[in-house]
Amino acid sequence: MANAWKRDKPMRPLLFLFSATIVLIFVFFFLAARPSATLSTPTAIDPTIRTNLPIYGISSFNCEECPQSHPVIANVVEGLRYPFIYSLADLGSLPGKPHKNIVRFLKRKPFRKPDISATIQGVLEKFKGEGRDNGLVVDVGANVGIASFAAAVMGFQVLAFEPVFENLQRICDGIYLNRVGDLVTVFEAAASDSPGNITFHKLVGRMDNSAISATGARLAFKNNKEVAVQVRTIPLDDVIQESEPVLLLKIDVQGWEYHVLKGASKLLSRKAGEAPYIIYEEDERLLRASDSSAREIQEFLKSVGYNHCTQHGTDAHCTKLG
């Protein structure tokens, strides 16, 4: 057998050529990934994340240093006047029960239009019509960015708060794919009424239902695996400067809404015309799991001057009428 192998000498040059090719491919991608010192003019489309950010009470999440997970399944959403792209954090139970948007993707259809994206764009479109287009959109419980990107592609500056790392990875995908690195600032934190750390419950397979309350996280998905992690908490009043105009505050935090609002007392106490339009999820079951209630939220909002609230499905919209 040894002599037979020696007689098969023509294979050696082929193996050498194959090995050399692999090395050359590696070197090519290594060099291509390095920034060139000779380039002086920027490309037409620059996806670079901003580094000249305002000074906030917490460092922003750095997408350029964030390790990305694979695969990335991203698509444009259907039916919006200002369309955007986002990627999925949960792929469903593969291969038997894939996420509905994966099925649409395989059928060459856009992702379904998220209700909150259409709502956000409707509110901001009205503001634009009134000449109010200079202000922040604050997205608390940003998930994969379907509210943040809905605002950013309209040209609005966004502050997004999200404590789940897997969702932060997907937000970074969307920042790159939508070319909104100069508009979206992300914070790896849960907004609350006090600074510190708290146990957060991630729900594997349904990251959009992850919550500070373990009961709230498992409420609709009792069979999903739950993972407890420590996350940072920070009040919005510690992040948003008094001089910064805020047009819209969206909160969807699986029952933690009261604590987010309490941590934004200064922001919400601004006079009519300067206080933000509020959209928050008002699900009594989730609120009770976090030891609060819709009534408690309504009473608090009245105490800071919000005198007009309307119900839109499970969301409440509140504003100050002058």
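What you see is a predicted model, and the numbers here were worked out from it, not measured in a lab. In this chain, numbering begins with 1 at the start of the sequence shown.
The nearest pair of heavy atoms linking A147 to K250 is CB-CD, 4.1 Å. The two atoms that bring K113 and G79 nearest to each other are CD-O, 3.5 Å, heavy atoms only. Closest approach of A191 to V140, counting heavy atoms only: CB-CG1, 3.7 Å. The two atoms that bring Q169 and P67 nearest to each other are NE2-O, 2.6 Å, heavy atoms only. When all heavy atoms of L80 and A118 are compared, the closest pair comes out as CD2-CA, 3.7 Å. Nearest heavy-atom pair across G145 and I171 is N-CG1, 3.9 Å.
Sorted by first and then second residue, the side-chain hydrogen bond (donor to acceptor under 3.5 Å, both in side chains) pairs with a member in residues 257-267 read D193-H259; sequence neighbours excluded. Screening residues 155-176 for salt bridge (charged side-chain N to carboxylate O under 4.0 Å, His left out) gives E166-K202, R170-D173 as the qualifying pairs, with residues at least two apart or on separate chains.
Hydrophobic cluster membership differs between F165 and V72, with clusters built from Ile, Leu, Val, Met, Phe, Trp and Tyr side chains linked at under 4.5 angstrom. With hydrophobic clusters built from ILVMFWY side chains whose heavy atoms lie under 4.5 angstrom apart, L321 does not share a cluster with V246. By the criterion of side-chain heavy atoms lying less than 4.5 angstrom apart, applied directly or through intervening Ile, Leu, Val, Met, Phe, Trp or Tyr residues, I58 is grouped together with I198 in one hydrophobic cluster.
Separating the NE2 atom in H317 from the CG atom in L248 is a distance of 9.0 Å, to the nearest 0.5 Å. Between atom CD1 of residue I102 and atom CD1 of residue I73 there is a gap of 4.0 Å, rounded to the nearest 0.5 Å. Summarising the geometry, atom CG belonging to N143 is positioned 10.0 Å from atom CG belonging to L168; distances are rounded to the nearest 0.5 Å. To the nearest 0.5 Å, atom CG of residue L249 and atom CG of residue L136 are 11.0 Å apart. Note: F187 CZ to S60 OG = 6.0 Å, rounded to the nearest 0.5 Å. From Y280, atom OH reaches atom CG of L261 across 7.5 Å, with rounding to the nearest 0.5 Å.
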| side chain to side chain contact (heavy atoms under 4.5 Å, CB included) between S192 and W256, worked out | CA-CA 8 Å; S192 190; W256 203 249; 3.1 Å; yes
| task | Could you walk me through whether I116 and I146 pass the side chain to side chain contact (heavy atoms under 4.5 Å, CB included) test, one step at a time? | result | CA-CA 8 Å; I116 188 61; I146 56 177; 3.7 Å; yes
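With contacts defined as side-chain heavy-atom distances shorter than 4.5 Å, the pair L183/F156 does not qualify. Inter-residue side-chain proximity for V186 and N62 is flagged as unmet; no heavy-atom pair is nearer than 4.5 Å. Taking the side chain as every heavy atom from C-beta outward, F84 and V77 approach each other to under 4.5 Å. Between T199 and I212 the shortest side-chain heavy-atom distance does not fall below 4.5 Å. Here the side chains of P245 and E274 are not in contact, with every heavy-atom distance at 4.5 Å or above. Looking only at side-chain heavy atoms (C-beta outward), I251 and I279 stay at 4.5 Å or farther from each other. For the pair L88 and V144, the minimum side-chain heavy-atom distance is 4.5 Å or more. Considering only heavy atoms from C-beta on, C66 comes within 4.5 Å of F61 through its side chain.
Looking at N75, its side chain never comes within 3.5 Å of a backbone N or O of S87 through a donor-acceptor pair. Looking at T314, its side chain never comes within 3.5 Å of a backbone N or O of E281 through a donor-acceptor pair. Without hydrogens or angle criteria, D283 side chain to Q254 main chain gives no donor-acceptor distance under 3.5 Å. Side-chain atoms of S292 come within 3.5 Å of backbone atoms of L287 as a donor-acceptor pair (strictly under, hydrogens ignored). Under a 3.5 Å cut-off, the side chain of Q157 and the backbone N or O of V137 do not form any donor-acceptor pair. Under the 3.5 Å distance criterion, the side-chain polar atoms of R108 are left unmatched by any main-chain donor or acceptor of F105. In this structure a side-chain-to-backbone donor-acceptor pair under 3.5 Å is present from E244 to Q241. The main-chain N or O of V180 is never found under 3.5 Å from a side-chain atom of N178 such that the two would form a donor-acceptor pair. Judged by distance alone, the side chain of D139 and the main-chain N or O of S148 form a donor-acceptor pair under 3.5 Å.
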Let me have the donor-acceptor pairs involving side chains of residues 297-304, under 3.5 Å, with sequence neighbours excluded, atom names and distances please.
from	atom 1	to	atom 2	distance (Å)
Q298	NE2	E282	OE2	3.4
E299	OE2	R295	NE	3.3
S303	OG	F300	O	2.5

N/O donor-acceptor pairs under 3.5 Å from side chains in residues 122-135, not counting sequence neighbours:
from	atom 1	to	atom 2	distance (Å)
E125	OE1	Y82	OH	2.8
E125	OE2	R81	NH1	3.4
K128	NZ	M154	O	3.0

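Under the salt bridge (charged side-chain N to carboxylate O under 4.0 Å, His left out) criterion, E296 pairs with no residue, sequence neighbours left out. Under the side chain to side chain contact (heavy atoms under 4.5 Å, CB included) criterion, K107 pairs with V103, K109, not counting sequence neighbours. Here R104 pairs with E78 under the salt bridge (charged side-chain N to carboxylate O under 4.0 Å, His left out) rule; sequence neighbours left out. Remark: T310 engages H312 in a side-chain hydrogen bond (donor to acceptor under 3.5 Å, both in side chains) (not counting sequence neighbours). With sequence neighbours excluded, the residues that form a side-chain hydrogen bond (donor to acceptor under 3.5 Å, both in side chains) with H201 are E226. Remark: D90 engages no residue in a salt bridge (charged side-chain N to carboxylate O under 4.0 Å, His left out) (not counting sequence neighbours). Among residues two or more places apart in sequence or in another chain, the ring-ring contact (aromatic ring centres under 6.0 Å, His included) test is passed with Y86 by F111. Evaluation of the side-chain hydrogen bond (donor to acceptor under 3.5 Å, both in side chains) rule for E65 yields no partner, not counting sequence neighbours.
Remark: E242 CD is loosely packed, at most 12 non-hydrogen atoms of other residues, nucleotides or ligands lying under 6.0 Å away. For D115, the CG atom sits in a loose shell: 12 or fewer heavy atoms of surrounding residues, nucleotides or ligands are nearer than 6.0 Å.
Across the pair C309 and C318, the gap between the SG atoms, which is the quantity tested here, stays under 2.5 Å.
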